[in-house]
Protein chains: 2
Amino acid sequence: MSERRATITDVAREAGVSPSTASVVFSGNAPASAETRRRVLAAAEALGYTGPDPRAASLRRGRSGIVGVVFGGSLRAAFHDPVTIAMMDGIAEGVAPLRAALLLLPDETSSAAPASAADDDSSVTDVTAEVPSTMTSAPIDAAVLVGFGQTRQPSLDVLRARRVPVVIIEGDAGPDIPRIELDNSAAQHRAASYLRELGHERVTLLTLPIRPGRARGWFGHADAVEVDVTAARLAGARAVYPDAPAYAAVTSSIDEGLISGREILAGPDRPTAVIAQTDLLAAGVIRAAEECGLRVPEDLSVTGFDGVEVDGLDAYELTTLVQPAVEKGRAAGAAVVAMLAGEDAASVTFTCSFRTGTTAGAVPPA
Amino acid sequence: MSERRATITDVAREAGVSPSTASVVFSGNAPASAETRRRVLAAAEALGYTGPDPRAASLRRGRSGIVGVVFGGSLRAAFHDPVTIAMMDGIAEGVAPLRAALLLLPDETSSAAPASAADDDSSVTDVTAEVPSTMTSAPIDAAVLVGFGQTRQPSLDVLRARRVPVVIIEGDAGPDIPRIELDNSAAQHRAASYLRELGHERVTLLTLPIRPGRARGWFGHADAVEVDVTAARLAGARAVYPDAPAYAAVTSSIDEGLISGREILAGPDRPTAVIAQTDLLAAGVIRAAEECGLRVPEDLSVTGFDGVEVDGLDAYELTTLVQPAVEKGRAAGAAVVAMLAGEDAASVTFTCSFRTGTTAGAVPPA
DNA sequence: TTGTAAGCGTTATCAT
DNA sequence: ATGATAACGCTTACAA
């Protein structure tokens with residue numbers, strides 16, 4: 001009932017041409033006469049042939065037309081972040097010349113399964129043990145690493161061993177890997193300076209997590225800040241306000257900002273300004289301020305970071321640092337295209353622009 | 001400088017075994033002695049061989065280990081919707097037995113590019129013309145269609161022609177395609193009944209778009225509702241409130257709900273309850289109510305739909321219909337697994353559960 | 001412009 | 001438990 005699927009050879013035979021000619025008609029990689037094209041296409045239609053099998057084509061070509069996007073966490077977490085989504089958009093655009101599609105590769109550490117009995121027998125290290133199987137067996141031409149901490153080294157090792165070209169966004173993967181970066185520190189410095197010019201002295205910093213897994217709360221100069229982005233933005237703020245109290249959130253969301261904001265605003269020495277490390281956190285702080293009956297920016301100034309559209313913040317325009325998220329993705333995509341073309345891709349650092357919104361103003365009179 | 005990449009044949013030779021034996025060591029598809037395994041692995045390490053080339057393996061196996069996820073729009077739009085993200089999570093879980101990765105296939109209609117001169121010459125229809133090239137050339141084993149309107153028929157045709165197993169979430173793709181559905185109408189009916197029991201008479205419906213591209217605004221019984229989800233939920237509400245005024249949003253977001261909410265609450269005959277078709281819209285309506293100085297639920301009752309966590313709605317627990325979004329995805333994944341195993345997958349309809357939150361209460365005294 | 005030929009690297013089958 | 005062999009379906013030199 002279901003006969004063997006037609007191949008390009010069948011189509012060629014039916015059309016009375018050679019397989020290579022038929023191939024050329026489908027790929028367009030060489031000229032073919034209109035008449036030949038017509039015959040081949042007609043034969044294809046007659047046989048229900050829908051075009052070259054991508055699996056066979058990719059073996060022969062050595063390219064699959066797929067670019068992997070590796071996240072340092074769950075899909076859910078990644079897509080909760082508007083910046084990540086914008087970057088994905090950019091990556092898709094950037095790799096467009098390749099006509100490539102994006103393969104989602106979440107890189108969650110699988111709990112290290114105890115290996116088989118023969119373990120101490122073998123001196124051979126199974127480097128793939130702590131790496132999702134898709135990472136080793138997905139037919140990707142290149143990979144973009146997103147939001148990568150030091151933690152994900154094993155996956156990176158696998159990719160390098162496979163000689164898959166890799167570019168990393170916001171992270172350090174060693175000297176050979178092109179990086180797409182942001183001027184986090186300088187940018188945050190600008191926002192802090194702005195507040196200082198407005199006269200703010202009592203400023204609190206609301207940061208991203210300083211360490212994976214650490215609980216929400218205050219931290220001091222003694223606490224190590226292990227997350228790069230957090231550290232960079234923190235440094236920029238600290239350059240202006242060296243001794244500002246700092247409070248670390250556990251994630252970037254409005255609700256998290258609200259919870260953190262409540263605590264920050266509850267203290268005896270209430271700040272006149274809060275520098276939040278993301279727009280979502282800033283939005284939450286604004287909510288917290290509203291709860292306390294504080295007006296923004298009259299009683300409290302709030303700055304964010306990212307420049308994303310925060311859904312539900314309609315009434316305000318956030319004073320924030322707008323990062324070119326889509327362009328970061330686009331640059332990563334372009335880097336991939338370059339590497340695949342045999343050129344070597346340079347690292348890029350993007351610059352945030354400071355946007356004066358409506359959420360930061362003069363320091364309130366004492 | 002860069003010599004040819006080692007193949008499994010090289011590894012086999014180095015290890016003194018046959019290629020098929022080496023293959024077995026890597027795939028685990030047949031038993032191999034510990035000693036053989038050790039030798040092969042050692043040879044692989046020595047040669048820098050990182051495992052079978054996925055492209056070759058997928059040609060031979062006839063499987064790529066990739067499941068496509070097709071969105072009826074841009075990635076950006078898709079990932080803006082928390083329900084979609086939850087579903088993606090579920091799909092990933094559902095296809096886990098396949099050890100497959102997910103390929104993103106946005107299905108935006110490319111502006112029909114005028115074809116070459118020889119056009120009227122040819123009677124052969126190029127069915128792929130209005131379909132993204134990735135759809136025709138991506139090595140996917142199966143596809144999950146998400147949020148699909150009638151619009152995307154061409155892509156579906158391509159997939160069927162390629163004989164790629166397809167399952168569709170919230171949409172109708174014809175009798176042969178397994179569907180993952182929700183009891184939208186019945187569920188919405190429950191929420192409406194609840195409001196009626198609370199005594200509400202003046203109720204306004206805030207719906208999803210009734211037609212792609214239509215502007216925000218009021219609509220009546222005469223207006224055709226072309227979007228399935230919108231129609232189903234609307235019908236459920238209309239069964240209880242046949243003549244309730246209805247207002248269509250243009251998307252599902254808090255800000256959109258806020259804008260719509262303002263207009264809904266501004267009228268002369270202000271409703272005592274709003275039935276919103278999504279949680280995000282409901283959240284926006286609540287914001288709008290707050291703006292007018294209306295208390296929820298004392299002055300205005302609001303119900304949502306979806307049961308997602310709305311970031312920034314901390315103070316309320318939405319009265320809503322909780323849909324099993326993750327399970328929908330999981331079911332789609334399971335259907336894919338079944339179809340790939342040669343079984344045929346049944347359609348599934350999931351049931352929403354009504355959650356009594358804090359946003360709907362008794363009708364305020366006149 | 002079209003045809004011929006030679007793989008691309010792997011794995012399933014069937015012996016042994 | 002291991003080995004020999006034959007595809008999997010296509011594309012690209014190269015020749016005509």
Side-chain angles (χ1 to χ4, degrees), chain A residues 3-41 43-44 47-65 118 136-141 162-164, chain B residues 3-41 43-44 47-65 118 136-141 162-164:
Chain A
E3 24 181 282
R4 196 178 110 281
R5 211 56 199 292
T7 72
I8 203 171
T9 310
D10 301 325
V11 172
R13 191 183 315 113
E14 172 89 7
V17 301
S18 77
S20 57
T21 301
S23 173
V24 152
V25 167
F26 287 107
S27 71
N29 279 350
S33 76
E35 168 59 12
T36 301
R37 194 194 331 281
R38 200 194 54 70
R39 290 230 313 277
V40 170
L41 258 17
L47 296 173
Y49 180 80
T50 53
D53 180 332
R55 286 175 279 257
S58 70
L59 171 57
R60 178 59 235 231
R61 291 216 236 245
R63 288 278 170 83
S64 65
T136 60
S137 64
I140 55 177
D141 294 338
R162 286 181 60 188
R163 303 210 202 148
V164 172
Chain B
E3 24 180 279
R4 195 179 109 281
R5 211 54 200 293
T7 73
I8 203 171
T9 309
D10 301 325
V11 171
R13 192 184 314 113
E14 172 89 5
V17 301
S18 77
S20 51
T21 300
S23 174
V24 152
V25 167
F26 287 107
S27 72
N29 280 349
S33 77
E35 169 59 12
T36 300
R37 194 195 328 282
R38 201 194 53 71
R39 290 230 311 277
V40 170
L41 259 17
L47 296 173
Y49 179 79
T50 53
D53 180 332
R55 284 174 280 257
S58 70
L59 170 57
R60 180 58 236 228
R61 291 196 149 123
R63 289 277 168 84
S64 65
T136 58
S137 64
I140 55 177
D141 294 337
R162 285 181 61 187
R163 303 212 201 145
V164 172

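By convention in this document, chain letters (A, B, ...) are assigned in the order of the sequence lines, proteins followed by strands, and residues within each chain are numbered from 1.
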Quiz prompt | Residue A:Leu59, side-chain atoms from C-beta onward, closest of D:dT2, D:dA6, C:dC8 | solution = C:dC8
Quiz item: Rounded to the nearest Å, what distance is computed from the CZ atom of residue B:Phe26 to the P atom of nucleotide C:dT11?
Solution: 9 Å
Self-check item: Test item: A:Arg162 side-chain N/O and A:Thr136 main-chain N/O as donor-acceptor pair under 3.5 Å
Solution: yes
Quiz item: For B:Arg39 and B:Gly16, which heavy atoms make the closest approach, and how far apart are they?
Solution: NH2-O, 3.7 Å
Practice problem: Measure from CG on B:Asp53 to P on D:dG9 and round the result to the nearest Å. | Solution: 17 Å
Practice problem: May I ask you to say what B:Val17 touches in the nucleic acid, namely base, sugar-phosphate or nothing, with a heavy-atom cut-off under 4.0 Å? | Solution: sugar-phosphate
Quiz prompt | Atom-pair distance (CZ on A:Arg63; C1' on D:dG9), nearest Å | solution = 20 Å
Exercise. Decide yes or no, distance alone: a donor-acceptor N/O pair under 3.5 angstrom between the base of C:dT11 and the side-chain of B:Arg60.
Key: yes
Quiz prompt | Under-4.0 Å side-chain N/O to phosphate OP1/OP2 contact, B:Ser23 with C:dT11 | solution = yes
Practice problem: Please give the angle, rounded to 10 degrees, between the axes at the start and the end of the helix from C:dT1-D:dA16 to C:dT16-D:dA1, where five pairs define each axis. | Solution: 20°
Exercise. Ignoring backbone atoms, test whether A:Ser18 places a side-chain nitrogen or oxygen under 4.0 Å from the OP1 or OP2 oxygen of C:dG3.
Key: yes
Quiz item: Whole Å only: how far is the CG atom of A:Asp10 from the C1' atom of D:dC10?
Solution: 13 Å
Exercise. Nearest whole angstrom, please: distance from the C1' of C:dT13 to the CG of B:Asn29.
Key: 13 Å
Exercise. Have a look at A:Ala30 and say if it touches a base, only the backbone sugar-phosphate, or nothing, with a 4.0 Å heavy-atom cut-off.
Key: nothing
Exercise. Could you tell me the separation between the CZ atom of A:Arg37 and the P atom of C:dT2, rounded to a whole number of Å?
Key: 9 Å
Quiz item: Are OP1 or OP2 of D:dT2 and a side-chain N or O of B:Ser33 less than 4.0 angstrom apart?
Solution: yes
Exercise. Nearest 0.5 Å please: distance from the OG1 atom of A:Thr7 over to the CG atom of A:Leu47.
Key: 9.0 Å
Practice problem: Please determine if a side-chain N or O atom of B:Ser20 lies less than 4.0 Å away from the OP1 or OP2 oxygen of D:dT2. | Solution: no
Quiz prompt | Nearest atoms (heavy-atom pairs only) where B:Ala32 meets B:Val24 | solution = CB-CG1, 4.2 Å
Exercise. With DNA chain D as reference, determine whether A:Pro52 or B:Ala32 sits nearer its 5' end, using the nearest nucleotide of each.
Key: B:Ala32
Exercise. Round to a whole Å and report the spacing from CD of A:Glu35 to P of C:dT1.
Key: 14 Å
Quiz prompt | Close side-chain approach of A:Arg55 to B:Asp141, heavy-atom, < 4.5 Å | solution = yes
Quiz item: At what distance, to the nearest 0.5 angstrom, does OG1 of B:Thr50 lie from CZ of A:Arg163?
Solution: 8.5 Å
Exercise. Any chance you could measure A:Phe26, atom CZ, to A:Ile8, atom CD1, to the nearest 0.5 Å?
Key: 6.0 Å
Quiz item: Taking only side-chain nitrogens and oxygens of B:Ser58, does any of them come within less than 4.0 Å of OP1 or OP2 of C:dT10?
Solution: no
Quiz item: Just how far is it from atom CZ of B:Arg60 to atom CG of B:Asp53, taken to the nearest 0.5 Å?
Solution: 15.0 Å
Exercise. Compare the minimum distances between each of C:dT10, D:dT11, C:dT2 and the side chain of A:Ile8, then state the nucleotide with the smallest one.
Key: D:dT11
Practice problem: Calculate the interatomic distance between B:Arg4 atom CZ and C:dG7 atom C1'; express it in whole Å. | Solution: 12 Å
Exercise. Considering just the side-chain nitrogens and oxygens of B:Thr36, establish if one lies under 4.0 Å of OP1 or OP2 belonging to D:dT2.
Key: yes
